[in-house]
Amino acid sequence: MSDAPTVASARRRLARQFQDAAIESAALDARLLVGEVTGLDLTGLITQADRVLTHQQIERLQSFAARRLGGEPVARILGMREFWGLPFELSADTLVPRPDTETVVEATLAFLAERGAAAPRILDIGTGSGAILLALLYERPDAVGVATDISLGALRTARCNAQRLGLADRVCFVACDYTAALRGPFDLIVSNPPYIPGTEIAALDREVREHDPRRALDGGADGLDAYRKIIPESVRLLQPDGALTVEIGQGQEADVSALMQAAGLTVSDPFRADLSGIFRSVTGRLAVA
Ligand SMILES: C[S@@+](CC[C@H](N)C(=O)[O-])C[C@H]1O[C@@H](n2cnc3c(N)ncnc32)[C@H](O)[C@@H]1O
C-alpha cells in the first residue's frame, strides 16, 4: 500500500502543522493551499479526498507550508483574495482587502439606493487592489468610476483586476496624491485610507506588519492624517447631495465625524459596524445647494 499523501491526508497534516504553530485559521489555510496545488475547489476537495498527490504537487505544497509557517499570509502565497465574492489579484504594492471593508461597500450601496442616483459617478481614493470600487461597479452596472492611488504598482494590479472582472470600460485609474489630479463632480466618494497611528505599526501582527505595504497602513502620528486631506478635498469634488464614506480604525468615529462636520458635511448615517461590532465606516453628506 502506498503512503503517498492524498488530498485528505495532506489537508489533515498541514492543518495540524499550522495548529501547532498557533495559526488561528489552520484548517482554512490548509484547505486553500491544498486546493491551490491540486486545482480543486471545495467540492473537489471533498469528492476527490482519496486522490493521491503527485510529486510536483507535494513539493509545491511543502514550499507553501514553509512560507505559511514563516508568517506569510495565505492570500500573499496565493497572490489573490476574495472580496465581496469576487476574486482580486494582489501584488506587493496592494493591501490584502479585508472582510471589514465590505462594510464600506454595504454603506455606499445603501446610500446610492436611497438617493436613487441613476448612473452614479464614484471616486475611490487609495484604491489598492481596486476592491471597493470594483465591487461597487459590479453591483451597479449603471455606475462609472475613477480610482486613485499614489502607488503605480497598486494601480497596475487594480487595472488587471478591472480587466479580469470585465469592468475596465467603466473605470479610469489615476496616479496622484489622494485627489490632486481630479476635478469632479462625483455623486459618491469612498476611501479606505491608511489610518494606523505610526507608532502602533511595530506592534501589529507580523502578517500585516511585514506583508502589507507601509503606505497602505501609516496614518501619521494619530492615524488621522489622511482624513485631514481627503475630507476637505472631497467637499470640493462632491455633487450637492453627494456623500463621502470612509473606512475608519477602531475608536476613530468621533474624530472622523468631527472632521467631516468641520468641513461642512452632515454625518447623518449611523456608523456601520463590522462583524465584530466595531464601527468601520462613517458617511458624511453634502447639503443640497
Ligand atoms: C488601507 S489601503 C486601502 C486599499 C483598498 N482601497 C482596500 O480597501 O483594500 C490605502 C491605500 O491608499 C494608498 N495611499 C496611501 N497614501 C496615498 C496618497 N497620498 N495618495 C493616494 N493614495 C494613497 C495606498 O497606496 C493604499 O493602496
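All ligand and atom numbering here is 1-based and tracks the order in the structure. Just so it is clear, the structure is predicted and the values come from calculations on it, not from any experiment. All residue numbers in this chain count up from 1 along the given sequence. Computation of the quantities below employed the complete heavy-atom set of this structure, encompassing side-chain atoms and omitting hydrogens, waters and symmetry-equivalent molecules.
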- Query: Which option, Ala216, Pro97, Ala158, Ala131, owns the non-hydrogen atom nearest atom 1 (C) of ligand 1?
  - Reply: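 Comparing heavy atoms across Ala216, Pro97, Ala158, Ala131, the nearest one to atom 1 (C) of ligand 1 lies in Ala216.
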
- Item | Closest to atom 21 (C) of ligand 1 among Phe88, Phe83, Tyr178 (heavy-atom distance) |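 It is Tyr178 that holds the nearest heavy atom.
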
- Query: Take atom OH in Tyr138; do more than 12 heavy atoms of anything else shown fall under 6.0 Å from it?
  - Reply: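 Counting neighbours around OH of Tyr138, 12 or fewer heavy atoms of other residues, nucleotides or ligands fall under 6.0 Å, so no.
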
Check each heavy atom of [X] against ligand 1 and say whether those closer than 4.0 Å belong to the side chain, the backbone, both or neither.
{"X": "Pro213", "result": "neither"}
{"X": "Asn192", "result": "both"}
{"X": "Ile150", "result": "both"}
{"X": "Thr127", "result": "backbone"}

Looking only at protein heavy atoms, identify the closest one to [atom] and say how far it is in Å.
{"atom": "atom 27 (O) of ligand 1", "result": "Asp149 OD2, 2.7 Å"}
{"atom": "atom 15 (C) of ligand 1", "result": "Arg215 O, 3.2 Å"}
{"atom": "atom 19 (N) of ligand 1", "result": "Asp177 OD1, 2.7 Å"}
{"atom": "atom 6 (N) of ligand 1", "result": "Gly126 O, 2.9 Å"}

- Where is the tightest heavy-atom contact between Val246 and Met260, given as atom of each residue plus distance?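 Val246 and Met260 have their closest heavy atoms at CG2-CE, 3.8 Å.
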
- Test Thr101 against every option in Glu247, Glu106, Arg280 by the side chain to side chain donor-acceptor pair (under 3.5 Å) rule and name the one that passes.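 In the set Glu247, Glu106, Arg280, the residue that makes a side chain to side chain donor-acceptor pair (under 3.5 Å) with Thr101 is Glu247.
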
- Would you check whether Pro194 reaches within less than 4.0 Å of ligand 1, judged by its heavy atoms?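 It does; at least one heavy atom falls under 4.0 Å.
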
- Please state whether Thr148 comes within less than 4.0 angstrom of ligand 1, counting heavy atoms only.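 Not so, Thr148 does not reach ligand 1.
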
Residue [X] vicinity, atoms of ligand 1 by number, heavy atom under 4.0 Å:
{"X": "Cys176", "result": "20 (N), 21 (C)"}
{"X": "Gly128", "result": "4 (C), 27 (O)"}
{"X": "Thr101", "result": "8 (O)"}

- Message: Assigning hydrophobic clusters by single linkage (Ile, Leu, Val, Met, Phe, Trp, Tyr; side-chain heavy-atom cutoff under 4.5 Å), is Leu237 placed with Ile132?
- Response: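 No, separate clusters.
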
So that I can tick it off, tell me whether [Y] and [X] are bridged by a salt bridge, with the cut-off set at under 4.0 angstrom between side-chain N and carboxylate O.
{"X": "Asp212", "Y": "Arg76", "value": "yes"}
{"X": "Asp149", "Y": "Arg215", "value": "no"}
{"X": "Arg156", "Y": "Asp93", "value": "no"}
{"X": "Glu207", "Y": "Arg68", "value": "yes"}
{"X": "Glu114", "Y": "Arg285", "value": "yes"}

- Query: With respect to Thr148, which candidate in Leu182, Leu133, Asp124, Asp177 satisfies the side chain to side chain contact (heavy atoms under 4.5 Å, CB included) definition?
  - Reply: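 Only one of Leu182, Leu133, Asp124, Asp177 forms a side chain to side chain contact (heavy atoms under 4.5 Å, CB included) with Thr148, namely Leu182.
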
